[in-house]
Amino acid sequence: THFGFETVLEEEKAQKVYQVFENVAQKYDVMNDAMSLGIHRLWKDVLLHAMNPQPGARLLDVAGGTGDIAFRFLKYIESQEEKMRRREAKIMQTPSWQDISTSYAGEQDAVPQESKAVVCDINKEMLKVGKQKADSMGITTGLSWVVGDAEELPFGDNEFDIYTIAFGIRNVTHIEQALQEAQRVLKPGGRFMCLEFSKVSNPLLSKIYDAYSFQVIPVLGEVIAGDWKSYQYLVESIRKFPDQEEFKDMIDDAGFYCVRYHNLTGGIVALHSGFKL
Ligand code: SAM
């Protein structure tokens with residue numbers, strides 16, 4: 001019925017997205033800071049606090065790009081482990097525990113499985129920048145980088161505790177398909193979490209935000225990355241993405257439970273989450 005036009009358009013979109021991120025990969029992090037005035041860091045921190053991952057957790061970060069979510073995940077878990085060690089040390093110091101601990105010493109605590117983060121992205125240039133970042137941060141364990149499409153994830157069923165996608169899902173051609181894949185790779189009880197640009201409801205903020213997006217962002221793109229078009233695409237893709245409620249319905253329809261969202265910065269960004277049961 002569509003004489004194949006739809007498929008052509010879809011292929012064009014996928015190619016365009018690939019091109020955009022190939023072009024911007026080297027400047028991606030600098031541009032993120034410039035465009036969002038550094039606020040994207042806070043949005044990502046909020047995601048991690050809402051996630052509150054515990055030692056042993058397995059994360060799949062789809063459209064993970066240069067690794068921001070995975071780095072935060074590993075760092076958060078490290079701080080959790082540090083807290084646990086301190087608490088344990090304190091307990092062991094109390095006199096009544098010293099007697100018990102001697103009889104207890106032979107028994108090793110069950111070693112929790114290693115925490116793991118997998119960054120998956122369709123664009124190897126983005127991953128390359130991420131890997132370089134990991135090297136410079138000295139992160140060597142618990143992290144892997146996989147080229148893959150959100151619509152056809154190269155992972156088995158029920159493998160992950162948490163699936164994240166931050167500022168990635170609006171770039172995916174078939175969102176429903178990506179949600180199905182999220183559902184498949186999560187373990188039962190696993191959580192889906194998505195950060196994405198959304199709809200600003202306050203009319204004044206909306207005006208300012210529009211002016212900023214259409215007039216400032218492409219200029220920044222040109223000045224910093226020498227690439228007006230890629231950043232114009234980014235702004236347009238943000239406007240086309242479903243609003244908070246529509247996207248929530250899509251997640252519901254994919255079969256997730258307890259789906260909800262929180263607006264960040266007046267709805268410029270929304271954090272959606274749901275569980276696989
Ligand atoms: N999550 C990172 C962050 O928050 O900084 C990167 C977000 S970046 C705006 C969007 C990423 O989505 C790009 O790295 C792009 O290559 C990736 N992407 C686009 N389409 C994809 C797809 N179908 N499957 C996997 N990744 C995709």
Side-chain angles (χ1 to χ4, degrees), residues 10-36 38-48 51 59-74 117-134 143 145-155 162-182 184-185 192-198 213 217 220-221 225 227 230-241 264-265 268-272:
E10 284 170 353
E11 270 170 28
E12 261 175 23
K13 167 162 176 166
Q15 270 171 20
K16 195 166 185 181
V17 166
Y18 194 90
Q19 193 74 56
V20 163
F21 287 102
E22 191 169 45
N23 291 350
V24 305
Q26 290 298 330
K27 297 277 171 149
Y28 179 77
D29 291 318
V30 178
M31 274 303 292
N32 261 357
D33 278 331
M35 287 186 310
S36 73
I39 298 170
H40 75 104
R41 292 166 183 257
L42 304 181
W43 295 328
K44 289 167 181 168
D45 288 344
V46 168
L47 170 65
L48 259 295
M51 184 192 300
L59 168 77
L60 174 63
D61 182 35
V62 174
T66 60
D68 276 5
I69 305 301
F71 297 147
R72 278 176 172 73
F73 169 84
L74 293 174
V118 178
V119 182
C120 175
D121 198 287
I122 204 161
N123 197 307
K124 61 178 189 322
E125 296 306 316
M126 292 289 283
L127 294 179
K128 204 162 91 188
V129 175
K131 271 187 228 169
Q132 289 164 358
K133 243 163 75 179
L143 185 58
W145 307 83
V146 177
V147 176
D149 187 342
E151 294 185 27
E152 216 178 327
L153 293 172
F155 306 102
I162 307 139
Y163 170 110
T164 50
I165 183 162
F167 308 109
I169 203 150
R170 73 170 188 282
N171 296 302
V172 170
T173 313
H174 305 99
I175 297 171
E176 285 90 353
Q177 181 58 32
L179 292 172
Q180 285 303 328
E181 279 291 89
R184 181 179 68 77
V185 299
F192 166 87
M193 303 187 90
C194 174
L195 274 180
E196 191 51 89
F197 291 103
S198 206
S213 306
I217 287 182
L220 284 177
D227 189 346
S230 291
Y231 286 93
Q232 194 176 19
Y233 160 79
L234 289 182
V235 173
E236 283 165 7
S237 69
I238 290 170
R239 300 311 139 125
K240 283 187 197 144
F241 192 73
L264 310 177
T265 322
I268 290 178
V269 167
L271 169 58
H272 283 77

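First listed ligand is number 1; within each ligand, the first listed atom is number 1. Quick note: numbers below take in every heavy atom, side chains included, and nothing from hydrogens, waters or symmetry partners. Residue numbers run from 1 in the order of the sequence given.
Scanning the protein heavy atoms around atom 23 (N) of ligand 1, the nearest turns out to be D149 OD1, 2.9 Å.
Residue A63 has at least one N or O atom closer than 3.5 Å to an N or O atom of ligand 1. Checking only distances, D68 never comes within under 3.5 Å of ligand 1, N or O to N or O. For ligand 1, the polar-atom distance check finds an N/O of D121 within less than 3.5 Å of one of the ligand's N/O atoms. The distance criterion of under 3.5 Å between nitrogen or oxygen atoms is not met by T66 with respect to ligand 1.
Within ligand 1, the atoms closer than 4.0 Å to a non-hydrogen atom of N123 are 16 (O), numbered from 1 in the order shown. The atoms of ligand 1 that sit less than 4.0 Å from any heavy atom of G64 are 1 (N), 2 (C). Those atoms of ligand 1 that come under 4.0 Å of a heavy atom in G148, given as number and element, are 24 (N), 25 (C). Within ligand 1, the atoms closer than 4.0 Å to a non-hydrogen atom of M126 are 14 (O), numbered from 1 in the order shown. Close contacts between ligand 1 and K44 involve ligand atoms 3 (C), 4 (O), 5 (O) [criterion: under 4.0 Å to a heavy atom].
The side chain of V17, and not its backbone, has at least one atom closer than 4.0 Å to an atom of ligand 1 (non-hydrogen atoms only; side chain from C-beta on). Counting heavy atoms under 4.0 Å from ligand 1, residue Y28 touches it through the side chain alone. Counting heavy atoms under 4.0 Å from ligand 1, residue F21 touches it through the side chain alone. By the criterion of a heavy-atom distance under 4.0 Å, neither the backbone nor the side chain of E151 is placed next to ligand 1.
Side chains of Y233 and N171: a donor on one and an acceptor on the other come within 3.5 Å.
If you take CD on E196 and CD1 on I268, they are separated by 13.0 Å, rounding to the nearest 0.5 Å.
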